[in-house]
Amino acid sequence: MQYSQLGRTGATVSRLVLGTMNFGPHTTEEDAFAIMDRAVDQGVTFVDTANVYGGAEHRGWTEEIVGRWLASSGRRDEIVLATKVYGEMGPGANDRGLSALNIRRAVDASLRRLQTDHIDLYQMHHVDRSAPWEEIWQAMDLLVAQGKISYVGSSNFAGWHLAQANETAARRGSLGLVSEQSLYNLLSRDVELEVLPAAEHYGLGVIPWSPLSGGKLGGRSEKGVRRGGADRRHDPADASLTAQLDRWEAFCAERDLAPGQAALAWLLHRPGVLGPIIGPRTMEQLDSALGAFEIELTAEDLTAIDEIFPGPGGAAPEAYAW
């Protein structure tokens, strides 16, 4: 296992983040407990969840499972625990978003479900265009002062939002955001234009979600297991993606690499990336992801990968202007 600082903080976390979104809807509680035990035994110290995980009919289900594991395992102090706020958790007009009112209610509800007295990283799941940053930081600073949270992160923010958030925090004398969760993988590299430069400037650790692009980068054996079993490789309208994925799998075969592990390894080689989130449904998927740390990609490998999956191009963040 490799470790890094959580953004510009003094906290150390594993460079592989255990995502728990599948726990409950797709993975039984018994299997989820075994996966979490195995992950921590293998050095994973960063566990990520969200208040809305569990499905539309049981939002909070995943936090409840993680909470029961924390209570029964006694391993709370071995991990850095992250969860999120923003999504709709009830029928009321204030049961979603980033108002101070909802933040206060949501953190207390998450603490109850997680059976803990503090959350290490409290993340805004999405920007809330209706909530002023001064209000958000007033609420977050109070939670830090109360000992309910230690750090604040974001998810799905644009570079502009990172700048807004941290400039407002700086005026208040607050630490501000320390991490950003973004969609980032070989097929989705738009964050390289402005999000990654902004995160680097403000000292945020970038945590990529969907590192295998819903399984498409994991090779033929990973296809068809989700989203109704559809295999986009055989979609005639998606011939360009099929050709691209064929080149990717040929690249991996030539080097005797498992495609999914290689896709994770590529992210671990990217500047500014703290570590990708993996969301294993099974123990086998967890063990496979752990193998990414055994892969060392050469400069020639990285150049070849860029030829298969070109980035947005140009020197960020000014590329669009030239």
Side-chain angles (χ1 to χ4, degrees), residues 3 5-7 9-14 16-25 27-55 58-87 89-90 95 98 100-125 136 139-155 175 177-179 181 205 207 274-275 277-280:
Y3 298 90
Q5 301 307 113
L6 177 57
T9 77
T12 300
V13 294
S14 58
L16 200 63
V17 186
L18 179 64
T20 61
M21 186 171 64
N22 286 311
F23 295 173
T27 303
T28 67
E29 184 163 326
E30 180 181 4
D31 288 345
F33 277 28
I35 289 171
M36 287 186 278
D37 282 333
R38 169 79 171 160
V40 177
D41 288 343
Q42 293 299 307
V44 175
T45 62
F46 203 175
V47 177
D48 176 78
T49 189
N51 61 351
V52 293
Y53 291 170
H58 197 163
R59 290 171 180 159
W61 189 7
T62 302
E63 282 190 332
E64 291 168 359
I65 291 173
V66 174
R68 286 191 287 271
W69 174 77
L70 291 173
S72 63
S73 68
R75 309 191 79 162
R76 175 63 183 91
D77 291 339
E78 297 182 50
I79 67 167
V80 173
L81 178 62
T83 192
K84 307 182 191 76
V85 58
Y86 175 84
M89 293 297 290
D95 290 338
L98 299 176
L101 178 60
N102 187 53
I103 288 173
R104 178 180 62 80
R105 292 173 174 174
V107 74
D108 286 341
S110 285
L111 289 169
R112 286 192 297 270
R113 287 188 291 266
L114 291 166
Q115 299 190 48
T116 186
D117 63 355
H118 70 285
I119 293 161
D120 299 306
L121 178 64
Y122 201 43
Q123 301 159 112
M124 293 174 268
H125 214 158
I136 294 170
M140 293 296 188
D141 289 345
L142 178 59
L143 298 185
V144 172
Q146 292 173 334
K148 294 182 178 181
I149 68 173
S150 298
Y151 304 109
V152 180
S154 59
S155 183
L175 179 62
L177 299 173
V178 303
S179 65
Q181 278 195 34
I207 305 169
L274 192 161
I277 296 176
I278 60 165

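Computed from a predicted structure; not experimentally measured.
Minimum heavy-atom separation, G19 to P280: O-CD, 3.9 Å. Closest of all the heavy-atom pairs between G55 and P25 is N-CG, 4.3 Å. Contact detail for E63 and S110: the closest heavy-atom pair is OE2-OG, 2.9 Å. Between N51 and A106, the shortest heavy-atom contact is ND2-CB, 4.3 Å. Heavy atoms only, all atoms of each residue included: T62 and T20 are closest at CG2-O, 3.0 Å.
Between R105 and D95 the shortest side-chain heavy-atom distance falls below 4.5 Å. At a threshold of 4.5 Å between non-hydrogen side-chain atoms, the residues E29 and W69 do not count as touching. Looking only at side-chain heavy atoms (C-beta outward), M36 and L18 come within less than 4.5 Å of each other. Between I136 and M124, the closest side-chain pair of non-hydrogen atoms falls below 4.5 Å. Residues Q5 and V13 are not in side-chain contact: their nearest non-hydrogen atoms beyond the backbone lie 4.5 Å or more apart. Two residues are said to be in side-chain contact when any heavy atoms from C-beta on lie closer than 4.5 Å; E64 and H58 meet this criterion. Counting heavy atoms from C-beta on, the side chains of F46 and L121 come closer than 4.5 Å. Q181 is listed as a side-chain neighbour of K84, based on a closest heavy-atom distance under 4.5 Å.
Panel note: side chain S14, backbone V44; no donor-acceptor pair is recorded below 3.5 Å. The main-chain N or O of S150 is never found under 3.5 Å from a side-chain atom of D120 such that the two would form a donor-acceptor pair.
Checking each of D108, D141, D117 against K148 for a salt bridge (Lys or Arg N to Asp or Glu O under 4.0 Å) leaves exactly one that passes, namely D108.
Taking 4.0 Å as the cut-off between side-chain N and carboxylate O, D31 and R38 do not count as a salt-bridged pair.
Between the CG atom of L175 and the OG1 atom of T9 there is a distance of 8.0 Å, given to the nearest 0.5 Å. In this structure, F33 CZ and L70 CG are separated by 8.5 Å, a value rounded to the nearest 0.5 Å. Between T27 atom OG1 and N22 atom CG the span is 5.0 Å, to the nearest 0.5 Å. One distance of note links CD of E30 with CD1 of I65; it measures 12.0 Å at 0.5 Å rounding. Distance CD1/I119 to OG1/T49: 10.0 Å, rounded to 0.5 Å. Atom CD of Q146 and atom CZ of R104 lie 9.5 Å apart (nearest 0.5 Å).
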### Task
Please step through side-chain contact (heavy atoms from CB on, under 4.5 Å) for the pair V40 and I79, ending with a clear verdict.
CA-CA 8 Å; V40 177; I79 67 167; 3.9 Å; yes
### Query
Could you go step by step and tell me if I149 and M140 meet the side-chain contact (heavy atoms from CB on, under 4.5 Å) rule?
CA-CA 8 Å; I149 68 173; M140 293 296 188; 4.1 Å; yes
### Task
Tell me, with the steps shown, if L81 and T116 meet side-chain contact (heavy atoms from CB on, under 4.5 Å).
CA-CA 10 Å; L81 178 62; T116 186; 4.2 Å; yes
### Query
Passes side-chain contact (heavy atoms from CB on, under 4.5 Å), S179 versus L6? Steps please.
CA-CA 7 Å; S179 65; L6 177 57; 4.2 Å; yes
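D41 pairs by the salt bridge (charged side-chain N to carboxylate O under 4.0 Å, His left out) definition with R75, not counting sequence neighbours. Residues satisfying the ring-ring contact (aromatic ring centres under 6.0 Å, His included) criterion with Y122, sequence neighbours excluded, are absent altogether. Scanning for ring-ring contact (aromatic ring centres under 6.0 Å, His included) contacts around H118 gives an empty result, with sequence neighbours left out.
Side-chain atoms of T83 and Q123 include no donor-acceptor pair closer than 3.5 Å.
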